[in-house]
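Below, chain A is the first sequence line, B the second, and so on; all start at residue 1. Quick caveat, the model's predicted, so the values are computed rather than measured.
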2 protein chains.
Amino acid sequence: MTDFNDKQLDILQAAEKLFAEEGFDGASIRNIAREANVNIAMISYYFGSKEKLLEALIIHRTSGMKMQLENIFNENLSPADKVDRLIDLYISRINKNKCMYQIVHFELSTKKRIMDMKAFIDIKLQNVEAFKRIIQEGQAQGVFRKDINIFLIPTTIVGILVHFQMNRMFMETALQLESDDAFEAYIKNELTAHIKQTIKALLLHEN
Amino acid sequence: MTDFNDKQLDILQAAEKLFAEEGFDGASIRNIAREANVNIAMISYYFGSKEKLLEALIIHRTSGMKMQLENIFNENLSPADKVDRLIDLYISRINKNKCMYQIVHFELSTKKRIMDMKAFIDIKLQNVEAFKRIIQEGQAQGVFRKDINIFLIPTTIVGILVHFQMNRMFMETALQLESDDAFEAYIKNELTAHIKQTIKALLLHEN
DNA sequence: ATAAAATTTAAACAAACGTTTAATTTAAAC
DNA sequence: GTTTAAATTAAACGTTTGTTTAAATTTTAT
């Protein structure tokens with residue numbers, strides 16, 4: 001959307017890193033400026049304030065999601081395959097932007113609503129809507145159960161993935177994942193398979 | 001464990017509230033002291049530092065979990081019923097201590113490991129172990145599938161619940177839950193039912 | 001080449017931070 | 001009742017915070 005120059009992109013990248021590592025309050029403008037190799041005042045100059053910097057970061061990172069959702073829905077696939085594709089999209093998006101998701105999920109949880117999260121909430125509503133359409137499609141075809149809470153399906157997918165990433169230290173210890181690659185690989189293989197298996201079991205299971 | 005006097009309990013309660021509302025960095029010693037109606041210096045006097053205050057809070061809130069897990073395992077129930085009981089225990093514990101969980105899940109996610117989370121990691125390992133024993137019991141009896149990732153079952157349960165609570169604002173909007181009671185009721189009814197249904201479907205589903 | 005606008009800088013700002021100090025009050029012990 | 005220890009206080013400590021300023025530099029336009 002809004003295009004940024006190189007220096008602005010440097011600032012956004014540094015902010016993403018430090019916000020995720022130390023939290024919004026924990027990260028200081030001075031550290032962000034040093035990480036981005038710019039003067040302290042440049043952040044106020046370009047973004048206005050620390051809060052507006054976070055806002056710009058989130059909008060920058062969430063743009064484009066809506067289009068990808070539309071693409072999946074319009075593909076010529078069975079509902080079950082569309083669900084698979086949707087799960088893959090979720091995981092790759094969240095994995096790609098894990099820093100930003102970490103920031104947002106924390107900021108959303110605090111009571112002092114430091115910013116207007118409308119852009120992010122819109123994305124989430126679109127996700128729910130995409131799932132609703134696909135699952136109802138499958139229900140109409142008789143391949144999906146009908147006694148399920150569709151709204152909670154995205155919550156389930158994102159909840160498992162985000163919780164796994166948020167507890168990285170514990171997971172690494174318990175699963176003996178001793179490198180970044182091993183951790184990434186576990187998400188890409190075992191965790192993704194588990195999520196797909198879980199959602200499929202829920203949608204297809206018959207008593 | 002360690003017993004606290006009334007003033008210390010006031011401080012712990014105020015700290016829990018403000019840490020959860022504003023994050024560890026966002027909450028200030030001065031605000032905590034005002035909330036607890038004590039002098040600023042009393043916090044250093046009793047707990048030593050802000051970090052040690054958080055540490056004391058977590059140990060205070062997690063004590064007793066291990067015993068409850070043992071009780072469930074030793075009850076005379078079917079594996080499926082034990083899983084149900086375990087899910088109920090999870091949800092009630094996390095619901096009861098939602099502030100503390102919110103704090104911990106954020107602190108665990110930051111890279112600057114500000115404190116020794118050993119007490120909390122131990123609890124999590126015990127949870128995993130409890131599930132492993134119960135599910136393997138069910139597998140031995142032939143009532144549970146064997147091609148599942150047992151380690152990820154607690155992750156799934158806690159992930160769904162924590163993610164729901166962390167995104168309270170979004171959930172309230174999307175589900176039109178317009179009061180605290182309505183939100184609590186949704187967790188107690190719909191969300192709990194969804195989690196149980198999901199785990200059961202995963203454990204029992206046959207292709 | 002010159003004027004105007006945009007960028008970049010070091011320095012300063014007031015405010016808030018966690019913690020400590022030293023003095024005072026309260027409680028306990030003998 | 002006196003002494004000793006614990007609890008409590010207001011004030012000050014030195015840092016760090018986000019933001020602003022005003023001057024210097026670079027870029028752009030004419």
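Close to D:dA6, at under 4.0 Å from its OP1 or OP2, lies no side-chain N or O of B:Tyr46.
The interatomic distance linking A:Met42 (CE) with D:dT26 (C1') rounds to 12 Å, in whole Å. Rounded to whole Å, the distance from CD on B:Gln8 to C1' on D:dA7 is 11 Å. Taking atom CG of A:Asn5 as the reference point, atom C1' of D:dT28 lies 15 Å away to the nearest angstrom.
Using modelled atom types and a 3.5 Å distance limit, the side chains of B:Thr156 and A:His194 yield a donor-acceptor pair.
The salt bridge (charged side-chain N to carboxylate O under 4.0 Å, His left out) analysis of residues 150-166 of chain B, with sequence neighbours excluded, yields no pairs.
When each of A:Val83, A:Ile157, A:Asp88 is paired with A:Lys196, the side-chain contact (heavy atoms from CB on, under 4.5 Å) condition holds for A:Asp88 and for no other. Results of the side-chain contact (heavy atoms from CB on, under 4.5 Å) test with A:Arg93 over A:Asn97, A:Ile91, A:Asn95 single out A:Asn97 as the only residue that passes.
Aromatic ring orientation, B:Phe4 versus B:His60: perpendicular (interplanar angle above 60°, classes split at 30° and 60°).
The main-chain N or O of A:Arg85 is never found under 3.5 Å from a side-chain atom of A:Glu75 such that the two would form a donor-acceptor pair.
Residue contacts for A:Phe47: at a heavy-atom cut-off of 4.0 Å it reaches no nucleic acid atom on any strand shown.
Salt bridge status for A:Glu184 with A:Lys188: absent, with no side-chain N to carboxylate O gap under 4.0 Å. Residues B:Asp25 and B:Lys50 are not paired through a salt bridge, judged by the lack of any N-O separation under 4.0 Å between the basic side chain and the carboxylate.
Base pairing in DNA chain C yields stems of at least 3 consecutive Watson-Crick or G-U pairs, both distances under 3.5 Å, namely C:2-30 with D:1-29.
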Under a 4.0 Å heavy-atom criterion, the protein footprint on nucleotides 13-28 of chain C, written with B, S and -, is ----BBBBB-------

